[in-house]
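Everything on this sheet refers to the single structure shown next.
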Amino acid sequence: MRQSNTYILIFAAGLTIIVGGLLSTASVVLKPLQDKQVELDTKKKILSAVMEVSSIKDPDEILRVYSENISSYVVDFQGNVIEKDAKGMDVVAEKINVAKNSKLPKEDRMYPVFQAISGDKAYIFPMYGQGLWDWISGFIALEGDLNTVKGITFDHKTETPGLGARITDVEIQKRYVGKRIYDQSGALKSIDMVKGEKGLPLDDHHVDGMSGATMTGKGVNAMLRKYLESYGNFISKTKQGSKVASL
Amino acid sequence: MSTETLEHKEAVLVKEKPSEGLLSKRRKKFISDPLVDDNPISIQVLGICSALAVTVKMEPTLTMAIAVTAVIVFSNLIISLIRDFIPNRIRIIVQLAIVAALVTLVSEILKAYYYDMFKVLGAYVGLIITNCIVMGRLEAFAMANKPYDSVLDGLGSGFGYAWIILVVAFFRELLGSGSIFDFKIFQAIGWSSFPTNGLMVDSIGAFMILGILIWIQRTKTGHVEAH
């Protein structure tokens, strides 16, 4: 009886229904919690590009600090603020899916800008690119001069633990602080991570590499360059605007 | 077909006396055996992949150890409960389905409550499915033994896996990052110039520590691979 084909089919179908039902229930029940974790994680990363938030453990405290310190808006490729998307819906900077946007031609993308409104002025841009195995992403914070790096954070899906995954280490991210993205003449130079980890002093446009993670480093370099180029119009517009204001 | 049934009979049915204690001598062996004498990693050499991958730091290693132990215990329990109903010909698929469902649950729970840890462990939580220890215990034990015994067996194998990867992680984090549970231990005792060893952060470091561990263990127990 236990070996008959009918029994096997019924058993397999029954098992599939029970296991499938259990998993979909778990997924539906846990979804709101997971979404909140993702939102918290995004806001934490935006904040940590400009300030020290690792000591704040309470989730609600993070959300409060965020709403007090960060104002956000969305610009297009030309650097103009947009309030409605193509369908006439309001755009919210935090809700913009940078990953999806990165697949569009750069003229059609929407670019969120997060601005630190308390203390020193800073502009924070999200980034998204490819590492060695899968996506990498990050936020770069520029000082009010829109040239000097105030802070940077990286995230990744599945870079090699201990090698490429080190881009999430504070120690690696600190290497970017104080570097510049434009050279003296105002041309975009971006910041490149060099191959190898020698701990030597480098110029304004290079940071020390990660030993054993050259491919991840290349992905980071490409991502930085791509997004700094894309935000170029916004940056030059904002610079001109602040010049006019100071006159 | 004939090989399948043959394999299945290899599962050891451990004879049980009526009315024995909850932790009788026989049952204690289920837990103590996999710790040293029949350790899943150092003797059976199973689950090496994750032992190399997640042991860079103590904290993710501990999470992984708990996750794997939970999956082994619960899959052992479930399979043991339904062992008399599982059609022999599709038993491997059934085992796999149960293990995969449990692993997906663990992964979803981690994502909802410990998002930071979920990000660190990434794909490795999902890869518990392929950890040979889990399916190995189902095939070798839970298919032929009662639920309570299977739970004990699962705990034993889980702990046997856990202590090995925790020891590996201890040395890797200590020598590779100079910290324990992210606490900078050498800076705390005033030796801030401690040279961290990059090899330990690499998976090669895990191989070396695991090798030394197995060496020490086999010297003590006199275990020799059967040829």
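All chains are named by letter (A, B, ...) in the order of the sequence lines, taking the proteins before the strands, and each is independently numbered beginning at 1. Values below: every heavy atom of this structure, side chains too, minus hydrogens, waters and symmetry copies.
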task: Count the heavy atoms belonging to other residues, nucleotides or ligands that lie under 6.0 Å from NZ of A:K226, then report whether that count exceeds 12.
output: yes
task: Go through the steps for B:R89 and A:N5 under the test side chain to side chain contact (heavy atoms under 4.5 Å, CB included), then give the verdict.
output: CA-CA 10 Å; B:R89 273 190 282 166; A:N5 286 345; 3.3 Å; yes
- request: Evaluate whether atom CE of B:M117 has more than 12 neighbouring non-hydrogen atoms of other residues, nucleotides or ligands under 6.0 angstrom away.
  value: yes
task: Tell me, yes or no, whether the heavy-atom count around A:E197 atom CD, taken from other residues, nucleotides or ligands under 6.0 Å, exceeds 12.
output: yes
message: Using a 4.5 Å heavy-atom cutoff, which residues in residues 133-142 of chain A come close to chain B?
response: none
- prompt: Passes side chain to side chain contact (heavy atoms under 4.5 Å, CB included), A:L15 versus B:I93? Steps please.
  reply: CA-CA 11 Å; A:L15 184 82; B:I93 299 287; over 6 Å; no
task: First locate atom OG1 of A:T25, then atom CG of B:L105, and finally report the distance between them rounded to the nearest 0.5 Å.
output: 9.5 Å
query: Do A:Q37 side-chain atoms and B:A112 backbone N/O form a donor-acceptor pair below 3.5 Å?
result: yes
- prompt: Using non-hydrogen atoms and a limit below 4.5 Å, what part of residues 95-104 of chain B faces chain A?
  reply: B:A97, B:I98, B:A101, B:T104
- line: For A:D204, the salt bridge (charged side-chain N to carboxylate O under 4.0 Å, His left out) test, sequence neighbours excluded, returns A:R180
message: Are the side chains of B:D116 and A:K44 in contact, using a 4.5 Å heavy-atom criterion?
response: yes
message: Checking the side chain of B:Y113 only, and the main-chain atoms of A:Q34 only, is there a donor and an acceptor separated by less than 3.5 Å?
response: no
message: Please determine whether the number of non-hydrogen atoms from other residues, nucleotides or ligands lying under 6.0 Å from atom CZ of B:F159 exceeds 12.
response: no
Verdict with reasoning, A:L30 to B:K111, per side chain to side chain contact (heavy atoms under 4.5 Å, CB included): CA-CA 9 Å; A:L30 293 172; B:K111 196 177 172 192; over 6 Å; no
message: Are more than 12 heavy atoms, taken from residues, nucleotides or ligands other than B:F186, located less than 6.0 Å from that residue's CZ atom?
response: yes
Contact leader toward chain B among A:D41, A:L33, A:T168, where contacts are heavy-atom pairs under 4.5 Å: A:D41
message: If you count every heavy atom of other residues, nucleotides or ligands that lies below 6.0 Å from B:F207 atom CZ, does the total exceed 12?
response: no
task: Mind checking salt bridge (charged side-chain N to carboxylate O under 4.0 Å, His left out) for A:D169 and listing every partner two or more places apart, or none if nothing turns up?
output: none
task: Evaluate the side-chain proximity of A:L40 to B:Y115: yes if any heavy-atom separation is below 4.5 Å, no if none is.
output: no
query: Of the non-hydrogen atoms in A:F11 and B:F85, which two are nearest, and what is the gap between them?
result: CE1-O, 3.3 Å
- prompt: In terms of heavy-atom contacts, does OH of A:Y73 have more than 12 from other residues, nucleotides or ligands at under 6.0 Å?
  reply: yes
message: Does any backbone or side-chain atom of A:D35 lie under 4.5 Å from a heavy atom of chain B? Answer side chain, backbone, both or neither.
response: neither
